[in-house]
Protein chains: 2
Amino acid sequence: MVKRATIGDVAADAGVSTATVSRVLNGGAVTEATATRVWEAVSRLEYTPNALTRGVFAGRSSTIGVVIRDLSSPFYLDLIRGIDEVAAANDSLVMLANTFRRVDREVAQVRTMDEQRVRGLIVTTGEATDGRTRRMAENGTPCVIIARSVLDAPPGMHSISLDNVEAGRLMAVHLAGCGRSSIGVVSSGRRTSQIERTAGLRRALADLGLPLPEDAVMVAETEDEVSGAVDTLLVRGRDRGEPLDAIVCTTGRLTVAVHAALTARGIAIPGDIAFVTMDDFPWATALGITVIAQPSYQMGLKAGELVVDRPSGPVELVFAPTLVARTSCGERQKA
Amino acid sequence: MVKRATIGDVAADAGVSTATVSRVLNGGAVTEATATRVWEAVSRLEYTPNALTRGVFAGRSSTIGVVIRDLSSPFYLDLIRGIDEVAAANDSLVMLANTFRRVDREVAQVRTMDEQRVRGLIVTTGEATDGRTRRMAENGTPCVIIARSVLDAPPGMHSISLDNVEAGRLMAVHLAGCGRSSIGVVSSGRRTSQIERTAGLRRALADLGLPLPEDAVMVAETEDEVSGAVDTLLVRGRDRGEPLDAIVCTTGRLTVAVHAALTARGIAIPGDIAFVTMDDFPWATALGITVIAQPSYQMGLKAGELVVDRPSGPVELVFAPTLVARTSCGERQKA
DNA sequence: CTGAAAGCGCTAACAT
DNA sequence: ATGTTAGCGCTTTCAG
């Protein structure tokens with residue numbers, strides 16, 4: 001195994017001191033002649049500087065930490081692309097951790113990011129990690145919380161989220177506009193984003209004279225639970241004397257599962273039941289699925305910028321959702 | 001901004017030396033009494049050890065580097081999940097870099113990974129980075145090349161790929177079995193994987209008495225070029241007097257685009273033309289698209305293990321593709 | 001413009 | 001069992 005060259009080796013080879021080598025590497029004042037000698041030594045010895053050591057000195061590394069709850073959600077891929085774009089433009093790399101939706105992993109991964117002295121941290125985790133991110137912010141590591149807002153955030157602790165109430169409202173208005181009145185909701189849990197979307201939907205529906213009963217909302221934690229949830233929704237609608245004519249899914253993660261549950265029962269979309277869900281995805285066009293889109297790539301960009309630009313106060317960004325109407329709600333086609 | 005506690009602060013607070021603190025942190029021989037005092041100091045000062053410094057000493061960090069050419073390809077998401085799984089099980093993190101299919105970025109990102117002294121490197125890049133990965137391997141950093149094999153790999157330089165010829169053969173046999181005979185191919189470029197898939201397809205087709213003309217293969221680098229490529233294929237088939245009855249796509253990255261191009265022309269799948277493509281994806285079931293699947297998650301797992309287990313020689317792993325038959329080739333349904 | 005020397009936070013011999 | 005003393009590879013004063 002070949003030993004790596006250190007800055008000392010380069011210095012010796014070029015006949016200068018390590019300080020001088022460091023200077024030519026980082027752009028200090030050196031004669032052109034010595035600079036040339038040093039560069040020659042660098043390439044001769046195939047010297048690759050050790051970023052770790054640099055980080056030790058600077059007190060932090062140059063990489064941006066990202067902790068994602070669930071890599072398979074379409075939303076996160078674009079978010080990461082946005083972050084990565086900013087990172088690449090700032091000579092940074094992205095350090096990624098997936099938590100597979102487990103809280104203990106969230107906590108552990110955020111701690112590891114802290115240990116790595118990341119330049120900044122972007123997380124989609126729940127409240128369990130707030131204690132540490134708060135402390136990190138106080139220690140000078142900018143932290144960005146995605147998909148929820150934070151109360152009493154200290155300087156350096158930011159949040160980026162979607163206007164979830166508006167997302168719900170957009171769904172309600174669109175569905176009503178398409179003549180639907182008996183709606184069932186598949187939601188994914190107790191996260192505020194889910195609650196707010198449902199609340200926004202319910203309120204807007206009520207304003208339209210279309211109350212959404214409590215029991216028309218079902219929670220499915222995992223994809224496996226979706227089929228049962230859809231069943232229940234269907235039965236309850238019938239029992240209520242108002243068979244469902246629309247299904248709303250409040251999370252992009254479960255879109256496939258809900259769609260599959262519907263088609264598996266031979267339910268035609270939108271013939272029998274309208275369908276609208278969260279987060280745009282490449283195949284939505286082919287399938288004609290109407291969605292509420294988040295500007296996920298833009299959100300990633302902003303998250304990256306918050307890390308790189310280090311604004312002083314806590315920044316809270318709320319993005320607006322947009323409706324992408326296709327055909328799954330029985331939209332009348334333009335002539 | 002609150003200053004972080006160092007190991008020295010903890011030592012002072014606990015009334016011991018830094019060596020002792022290091023020992024209780026890393027499990028050396030210490031009295032239970034002192035250990036308690038140290039742990040108390042640790043939590044009182046909210047001490048978080050600096051992984052960078054550790055890395056300096058060990059000569060390398062504990063994170064696994066991953067350089068991906070195109071994060072949006074369905075194949076890579078599962079690959080990353082596999083790698084991440086191994087990383088998490090080994091107290092590692094994944095450092096991710098996306099290169100947006102640009103060679104200069106590939107080279108730059110791999111260099112950065114080297115500078116970060118990653119524990120191991122997993123790349124999907126082209127030959128341009130082979131020089132450095134080779135050197136890294138020689139320096140003791142295991143490198144895994146995904147999706148192509150490497151000639152004369154030194155110890156510590158491994159490769160994981162798909163049996164691409166077999167993938168092409170599977171497509172040919174299936175298509176022929178579905179009664180198709182005039183096939184057009186959309187390929188994504190000059191990478192060996194693409195070449196091999198096409199070659200495998202062509203050979204198997206020839207064995208079946210179904211020659212695949214050179215001009216029945218079109219290369220589309222980007223999604224924008226797909227539509228034109230499909231047009232050309234269609235026209236050529238007609239000119240040849242053998243209108244296309246099947247389209248093959250040799251890369252998962254372009255599946256959406258090819259599918260969209262077909263439906264945009266009002267072509268029915270499989271009524272008018274059969275369609276088969278690479279890489280399984282969540283929506284394939286809903287759309288009935290027949291695919292050749294790669295065990296991407298397993299490949300990620302293996303890649304992670306090669307980094308963690310550091311086998312001595314160069315390892316070359318070739319995975320077998322599987323056909324997932326659905327309805328897009330006009331498969332006759334089971335009774 | 002360049003070199004000597006101190007030190008970043010931590011670990012690992014070597015003493016005690 | 002614990003402390004002392006060197007470093008790890010690099011950057012940054014501070015002299016010259």
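Chain A is the first sequence line, chain B the second, and so forth, proteins listed ahead of strands; every chain is numbered from 1.
In terms of phosphate contacts, B:Thr31 brings a side-chain nitrogen or oxygen within less than 4.0 Å of OP1 or OP2 of D:dT2. In terms of phosphate contacts, A:Thr34 brings no side-chain nitrogen or oxygen within less than 4.0 Å of OP1 or OP2 of C:dC1.
Remark on DNA chain D: of its neighbouring residues B:Thr20 and A:Thr20, the 5'-side contact belongs to B:Thr20, judged by nearest-heavy-atom nucleotide. Taking for each of B:Thr53 and B:Gly15 the nucleotide of DNA chain D with the nearest heavy atom, the 5'-most of the two is the partner of B:Gly15.
Picking from D:dT12, C:dC10, D:dG9 the nucleotide with the shortest atom distance to the side chain of A:Thr6 gives D:dG9. Checking D:dA1, C:dG3, C:dA12 against the side-chain heavy atoms of A:Val16 singles out C:dG3 as nearest.
Atom pair B:Gln116:CD and D:dC10:P shows a separation of 13 Å (rounding to whole Å applied). Rounded to a whole Å, the CG atom of B:Leu52 is 11 Å from the C1' atom of C:dC8. Rounded to whole Å, atom P of D:dT11 lies 17 Å from atom CZ of A:Arg60. One can place CZ of A:Phe57 at 7 Å from C1' of D:dC10, the figure rounded to the nearest angstrom. The nearest whole Å value for the distance from the CG atom in A:Asn50 to the C1' atom in D:dT11 is 13 Å. As a whole-Å value, the separation of A:Arg54 CZ from C:dG7 C1' is 17 Å. The nearest whole Å value for the distance from the CD1 atom in A:Ile7 to the P atom in D:dC8 is 14 Å. Rounded to whole angstrom, the span from the CZ atom of A:Arg23 across to the P atom of D:dT11 amounts to 11 Å.
A:Gln194 is listed as a side-chain neighbour of A:Thr251, based on a closest heavy-atom distance under 4.5 Å.
Between A:Pro311 and A:Val315, the closest heavy-atom pair is CG-CG2, 3.8 Å.
For the residue pair B:Thr48 / A:Arg132, a side-chain donor-acceptor distance below 3.5 Å is found, with atom types taken as modelled.
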Tell me, with the steps shown, if B:Arg4 and A:Asp114 meet salt bridge (Lys or Arg N to Asp or Glu O under 4.0 Å).
CA-CA 11 Å; B:Arg4 277 170 183 286; A:Asp114 194 8; 2.7 Å; yes
For salt bridge (Lys or Arg N to Asp or Glu O under 4.0 Å), just list the numbers for A:Arg81 and A:Glu85, CA-CA rounded to whole Å, side-chain angles, deciding distance to a tenth of an Å, and then say yes or no.
CA-CA 6 Å; A:Arg81 304 243 310 270; A:Glu85 181 83 60; over 6 Å; no
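At a threshold of 4.0 angstrom between heavy atoms, the contacts of A:Val56 include nucleobase atoms, whether or not backbone atoms are also involved.
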